[in-house]
Amino acid sequence: MPSTDKSEETAVTESEPAGNGRRRDDGSKDDRAKEDRYDAQRIEAKWYERWKQTPELYAAEPHTAKKKFYVLEMLPYPSGALHMGHVRNYSIGDALARYMWMNGFNVLHPMGWDSFGLPAENAAIQNNTPPRQWTLGNIAKMKAQMKRLGFAYDWSREVTTCLPDYYRWNQWFFLKLYEMGLAYRKKSLVNWCPLCATVLANEQVVNGRCWRHEDTVVEQRELEQWFLRITKYADELLRDLDRLEGWPEKVRTMQRNWIGRSEGALVDFKLDYGEHHKGFGPAGSTITVFTTRIDTIFGATSIQLAPQHPIVGDLAAGNPDLRAKVDQLIAEQRKAKEQGDIGEIEKHGVPTGRYAINPFNGEKIPVWVANYILMDYGTGAIMSVPAHDERDYEFAKKYNLEIRIVILPIVESEETMTEPKLPFTTHDGMTINSGQFSGLATADALQKMAQYAEERGFGKATVTYRLKDWGISRQRYWGTPIPMLYCQKDGIVPVPEKDLPVILPEHVEITLTGGSPLGRVPEFVNATCPKCGGPARRETDTMDTFVDSSWYFYRYTDAHNDRAPFDSKIAQYWFGDRGIDQYIGGVEHAILHLIYSRFWTKFMRDMGLVSNDEPVERLFTQGMVIKDGAKMSKSLGNVVSPDEMVARYGADAARLYSLFAAPPDRDLDWQDSGIEGVQRFLGRVFRFVARNADKTQAGAAALGGPARSAPARQVQRKLHQTIKRVTDDFKGRWHFNTCVSAIMELVNVLYSEEEAIAKDADSAPFLAYVQRNLVLLLAPFAPYLAHELWEMLGETELLLKAPWPEYDAELAKEEELQIPVQVNGKLRSIIVVPADSGEQFVVERALADDKVKAAISGKQVVKKIYVPGKLLNIVVK
RNA sequence: GCGAAAGUGGCGGAAUUGGCAGACGCACCAGACUUAGGAUCUGGCGGGUAAAACCGUGGGGGUUCGAGUCCCCCCUUUCGCACCA
């Protein structure tokens with residue numbers, strides 16, 4: 001995923017696990033202490049080696065009778081090193097994958113590299129390293145980090161987007177898009193980031209700034225570019241958001257806003273050139289306005305045009321004074337956009353001196369040009385209705401334009417009718433002064449007036465979107481070459497499918513000036529037209545890297561297919577009807593990646609490649625990892641390196657802490673002392689099992705309890721309560737921080753009852769049972785330690801496939817209850833009663849309690865409220 | 001300006017449905033074990049008090065036997081949207 005993280009990536013330090021020979025820093029001479037010491041480095045080195053030997057452990061099975069589960073974390077951009085955000089993201093996904101494995105699912109849990117992109121080119125310029133080399137080197141480093149962290153990925157399906165076996169399918173898709181009329185080339189004003197030295201998609205511009213360079217204002221340039229017709233799916237993209245119940249509401253809202261659907265009408269106003277213009281100019285020219293309030297058209301008292309509107313150009317052609325004023329308006333608008341506060345622009349406008357005719361009443365109204373009208377929304381022209389629109393009202397007040405009321409609040413009778421406070425913008429009013437349309441309710445008027453305009457041929461109901469087509473041309477080197485040719489004779493010619501891939505040449509000089517680097521590679525540029533055999537010029541722009549990530553998760557299902565991007569049947573198995581079961585990543589992709597991916601899936605469905613309408617059924621957006629209240633960044637010096645954490649505390653501790661420190665959907669404030677606590681906890685678990693493993697026999701474990709003594713029963717209760725808490729969280733709200741707390745509590749109880757249980761005659765099978773379950777509970781969160789302990793317990797079954805413990809409500813039930821007793825809502829005492837006590841008994845015991853007696857003495861008991869098993873409240877007066 | 005989420009000890013955070021506020025962890029304090037401890041184990045730890053009472057979940061009202069949780073008003077923070085006609 002292209003990182004939206006603006007902080008610079010830290011340099012890598014390779015973190016191969018330290019082996020057994022690692023020097024102990026405690027210098028202990030005590031052999032016994034050595035045995036009991038939780039040595040994360042030793043344990044993790046051992047399992048790291050074993051897992052390296054058995055990569056098939058995490059391989060998804062092909063089509064089986066098992067239920068499938070596709071869990072996916074957003075793939076990283078190979079910047080050089082993982083950061084804590086990655087660790088958190090992948091720890092969540094890995095815990096879920098392991099949990100699902102243990103629940104008997106056929107789990108697909110893949111990983112790959114979103115490896116095209118600008119940083120590789122910047123690195124090339126700075127260090128004179130070819131992008132390919134830099135990128136592949138980074139991938140190797142980060143892959144090693146992931147393995148060291150113990151994430152259970154099916155590496156046999158690894159996808160690397162910068163390699164030809166992947167990007168050839170980008171090109172193949174592009175040809176399909178072109179065939180289907182979904183890819184087209186057009187000249188238009190586009191966003192240009194001077195630092196990236198390339199065009200950006202609208203989605204990559206934030207408040208007029210580049211998404212990667214937030215200090216850099218994006219320029220507008222007129223360029224010919226390739227676009228993907230995402231707008232064809234605007235309505236479906238919007239509609240299907242309602243179905244995505246497994247997505248955070250926040251993300252759905254952001255996408256709704258981005259698509260920006262708006263129902264309204266187009267209305268043609270004929271320009272009136274006046275008597276003396278007869279026979280001159282573009283007589284009969286019309287201005288088409290877009291309005292969502294056609295019901296207010298009788299209140300229109302001017303037309304406002306965007307300063308870039310073509311008619312403004314015509315009108316200003318012979319009018320230097322107007323031209324100058326319009327240029328001023330353009331400058332003001334641009335400045336506001338660059339400052340990101342177009343919303344607060346000081347409204348200015350100039351009259352053109354011309355008039356337009358309102359087709360509803362034949363009225364002549366003045367045509368103005370105004371700086372608050374945007375050329376890229378609607379038609380770039382509006383009818384101004386000051387009485388019923390805030391902006392128009394403000395503008396009319398400023399320039400003394402007529403304000404005419406045509407909407408009134410709906411009232412019971414004419415006597416109660418009052419003048420509305422202006423601007424009166426309700427959608428729930430009634431028309432007046434609107435000719436034959438007077439007296440209609442707003443909704444009715446909207447519909448009837450649009451219909452009228454359509455019948456008379458000067459307008460129609462329409463829908464407008466803010467969403468624009470996706471500009472994918474990039475004037476950069478490190479991306480997928482767009483497989484198109486330009487022939488003098490045949491024009492635009494697609495590269496034939498059989499000639500794919502168009503290979504990205506390797507030894508290319510990269511600069512940030514002078515246009516697309518590929519344009520300077522004659523061997524690349526010069527080609528032959530497949531139609532006429534004559535000379536042709538190759539397209540030298542590359543594709544936006546968001547193309548790569550729009551469909552990569554389908555490739556995982558069939559990663560080595562060399563005849564198609566993937567096999568439809570295989571993809572259908574993993575995607576089902578509703579897509580990836582669980583997708584996990586940062587909220588920064590709420591619009592970019594996640595809207596492009598949805599578009600791509602719909603396009604692939606329409607070409608018959610997939611049958612699902614949506615790529616992702618459930619989406620989880622995790623919070624950021626921050627430190628000292630601020631986002632980690634090099635400049636603040638608060639970056640925590642995963643390598644350092646792994647070296648100091650171990651991968652299990654780093655992972656467990658990233659789950660424990662906060663609920664996963666909230667920001668996590670990293671504290672080094674916090675990870676120490678988690679490491680201590682892992683040590684407590686280790687030592688408990690180290691002391692008790694040999695007292696138990698493997699095999700006895702499977703028999704389970706039964707717990708006979710009181711201490712054993714208490715541990716058993718706690719165990720089952722813990723199973724419930726952890727299982728419920730996986731199924732529901734994903735508060736893994738409380739799962740970890742629950743397991744910590746269980747271990748605390750084990751410690752306090754350990755001695756007492758040791759005295760039981762049948763302690764061995766019971767301890768085996770408890771420890772086995774403890775390890776199973778820990779397995780999704782701290783896999784290294786869990787595997788080590790599993791082995792210490794003599795288990796031979798694969799831990800990953802061992803069944804998840806089952807909760808037994810009977811065993812979890814408390815034998816005694818502590819009932820808080822309140823007097824008038826204030827806690828006065830806590831009484832202990834047998835679990836099966838009835839109300840009468842509880843009340844009796846409460847009234848016999850000294851503290852309760854003291855609190856009610858001399859008062860009269862009015863009422864007793866008993867919440868069974870929970871609480872007793874005695875009301876006195 | 002509009003919309004959403006959040007505000008709880010010194011800190012990270014619990015309290016899933018209106019029912020013991022502060023689970024779990026960190027930090028801190030004390031004790032044990034020790035030549036030693038940055039290891040480990042045990043205990044304490046919201047404020048207040050000798051102990052109680054009492055006060056405490058951003059502030060102010062309300063509903064209720066009972067409110068962190070529900071309702072009304074306000075404040076702060078974060079995020080999203082913002083002349084989109």
Side-chain angles (χ1 to χ4, degrees), chain A residues 25-26 28 30 33 36-38 207 248-251 253-254 256-258 260-262 264 289-293 296 304 306 333 336 340-347 370-374 376-385 389-392 394-395 464-466 587 590-591 623 657 660-663 665-678 680-681 683-684 687 725 728-729 732-733 735 737-748 751-752 818-830 854 862-867 869-876:
Chain A
D25 48 14
D26 64 355
S28 171
D30 185 343
D36 289 354
R37 187 171 168 274
Y38 166 55
N207 284 336
E249 193 51 51
K250 179 189 160 92
V251 173
T253 303
M254 284 169 73
R256 277 191 199 102
N257 287 339
W258 185 257
R261 184 180 198 273
S262 180
V289 305
F290 174 69
T291 176
T292 54
R293 292 301 302 271
T296 65
Q304 302 290 340
Q333 193 178 83
D341 60 357
I342 183 77
E344 269 135 54
I345 191 171
E346 168 87 28
K347 289 184 183 54
N371 63 356
Y372 70 97
I373 308 300
L374 308 170
D376 58 4
Y377 183 78
T379 59
I382 65 155
M383 61 177 203
S384 178
V385 185
D389 182 281
E390 267 172 56
R391 297 150 299 183
D392 295 346
E394 187 191 333
F395 192 85
T464 296
Y465 297 92
R466 261 181 26 157
V587 76
I591 292 182
Y657 178 66
F660 174 65
D665 55 341
R666 293 240 292 263
D667 285 352
L668 185 161
D669 193 355
W670 190 276
Q671 298 183 341
D672 284 351
S673 57
I675 190 174
E676 282 175 32
V678 166
R680 269 201 284 274
F681 161 69
R684 275 165 75 78
R687 285 189 298 276
R725 284 178 64 181
D728 285 354
D729 254 304
R733 56 177 202 166
H735 279 195
N737 54 329
T738 59
C739 291
V740 178
S741 316
I743 300 172
M744 285 173 169
E745 283 180 52
L746 171 62
V747 171
N748 289 346
Y751 265 66
S752 57
Q818 300 195 330
I819 303 290
V821 181
Q822 298 180 336
V823 175
N824 284 350
K826 289 200 172 189
L827 181 69
R828 291 301 172 192
S829 184
I830 294 175
V862 191
K863 207 172 173 186
K864 300 181 208 100
I865 295 143
Y866 178 61
V867 184
K870 276 268 170 68
L871 168 139
L872 175 66
N873 189 12
I874 301 170
V875 185
V876 298

Look for any protein N or O under 3.5 Å of an N or O in nucleotides 64-66 of chain B and output each such pair with its distance, or none.
from    : atom 1 : to      : atom 2 : distance (Å)
rC65(B) : O2'    : N873(A) : ND2    : 3.2
rC65(B) : O2     : N873(A) : ND2    : 2.5

Shorter than 3.5 Å, N or O on both sides, protein versus nucleotides 6-13 of chain B: list them out with atom names.
from    : atom 1 : to      : atom 2 : distance (Å)
rC11(B) : O2'    : Q671(A) : NE2    : 2.7
rG12(B) : O2'    : A661(A) : O      : 2.7
rG13(B) : O3'    : N737(A) : ND2    : 3.3

Could you list all N or O pairs between the protein and nucleotides 48-52 of chain B that sit under 3.5 Å apart?
none

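In terms of the salt bridge (Lys or Arg N to Asp or Glu O under 4.0 Å) criterion, E390(A) has no residue partners (sequence neighbours excluded). By the salt bridge (Lys or Arg N to Asp or Glu O under 4.0 Å) test, D729(A) pairs with R733(A), sequence neighbours left out. Remark: D728(A) pairs with K724(A) by the salt bridge (Lys or Arg N to Asp or Glu O under 4.0 Å) rule, at least two apart or across chains. Partners of N748(A) under the side chain to side chain donor-acceptor pair (under 3.5 Å) rule, at least two apart in sequence or in another chain, are R684(A). In this structure, R466(A) has no salt bridge (Lys or Arg N to Asp or Glu O under 4.0 Å) partners at least two apart in sequence or on a different chain. Looking at residues two or more places apart in sequence or on another chain, you find a side-chain contact (heavy atoms from CB on, under 4.5 Å) between V740(A) and L656(A), F660(A), M744(A). Legend: residues meeting side-chain contact (heavy atoms from CB on, under 4.5 Å) with S262(A), ordered by chain and number and at least two apart, are F290(A), T292(A), Y377(A).
L827(A) places its CG atom 15 Å from the C1' atom of rC55(B), with the value rounded to the nearest Å. Atom CE in M744(A) sits about 14 Å away from atom P in rA23(B), given to the nearest Å. What separates NZ of K870(A) from P of rC20(B) is a distance of 8 Å, to the nearest Å. The interatomic distance linking E390(A) (CD) with rA82(B) (P) rounds to 16 Å, in whole Å. What separates CG of N207(A) from C1' of rG80(B) is a distance of 11 Å, to the nearest Å. Note: OH (Y377(A)) to P (rC81(B)) measures 16 Å, nearest angstrom. Rounding to whole angstrom units, CD1 of residue I830(A) and P of rA21(B) are separated by 8 Å. Across the protein-nucleic acid pair, I743(A) atom CD1 and rA23(B) atom C1' stand 15 Å apart, rounded to whole Å.
Comparing the same atom, C1', in rA50(B) and in rC28(B) gives a spacing of 24 Å after rounding to whole Å. Comparing rG10(B) with rC75(B), their P atoms are spaced 26 Å from each other, to the whole Å. Going from the C1' atom of rG7(B) to that of rG56(B) covers 16 Å, rounded to whole Å. Comparing the C1' positions of rG19(B) and rA67(B) gives an interatomic distance of 10 Å, to the nearest angstrom. rC20(B) and rG66(B) have their P atoms separated by 15 Å, given to the nearest Å. Between rU17(B) and rG3(B), the distance separating the two C1' atoms is 28 Å to the nearest Å. Distance check on atom C1': rC54(B) versus rC71(B) gives 28 Å, rounded to whole Å. Using P as the reference atom, rG68(B) and rG80(B) are 33 Å apart when rounded to the nearest Å.
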Passes side chain to side chain contact (heavy atoms under 4.5 Å, CB included), D392(A) versus Y372(A)? Steps please. CA-CA 10 Å; D392(A) 295 346; Y372(A) 70 97; 3.2 Å; yes

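Listed pair N748(A) / rG25(B) meets the phosphate criterion, a side-chain N or O lying under 4.0 Å from OP1 or OP2. Side-chain N/O atoms of R684(A) include one lying less than 4.0 angstrom from OP1 or OP2 on rU42(B). Residue R680(A) places at least one side-chain N or O under 4.0 Å from the OP1 or OP2 atom of rC26(B).
Closest contact between the side chain of R687(A) and the listed nucleotides rC41(B), rA21(B), rG19(B) involves rC41(B). Proximity note for S741(A) (side chain, C-beta onward) versus rA23(B), rC41(B), rA85(B): the nearest is rA23(B). Looking at the side chain of R828(A), the nearest of the listed nucleotides rC54(B), rG80(B), rA85(B) is rC54(B). Distances from the side chain of S673(A) to the nucleotides rA85(B), rA23(B), rA27(B) place rA27(B) closest. Considering only the side chain of Y751(A), rU42(B) comes nearest among rC55(B), rA21(B), rU42(B). The listed nucleotides are rA14(B), rA85(B), rC20(B); the one nearest the side chain of F290(A) is rA85(B).
D729(A) comes within 4.0 angstrom of no nucleic acid atom, judged by non-hydrogen atoms across all strands.
A stem is defined here as three or more consecutive Watson-Crick or G-U pairs, each with both distances under 3.5 Å; for RNA chain B these stems are B:1-7 with B:75-81, B:10-12 with B:24-26, B:28-32 with B:40-44, B:58-62 with B:70-74.
Sorted by first and then second residue, the pairs that involve residues 738-748 of chain A and meet salt bridge (charged side-chain N to carboxylate O under 4.0 Å, His left out), not counting sequence neighbours, are K718(A)-E745(A), R725(A)-E745(A).
Remark: side-chain polar atoms of D389(A) are not paired, donor with acceptor, to backbone N or O of S384(A) under 3.5 angstrom. No side-chain donor-acceptor contact under 3.5 Å links Q304(A) to the backbone of I382(A).
Base orientation at rG60(B) is anti, since its O4'-C1' glycosidic dihedral falls outside 90° of 0.
Rounded to the nearest 0.5 angstrom, I819(A) CD1 and I830(A) CD1 are separated by 10.0 Å.
At a threshold of 4.5 Å between non-hydrogen side-chain atoms, the residues M383(A) and T296(A) count as touching.
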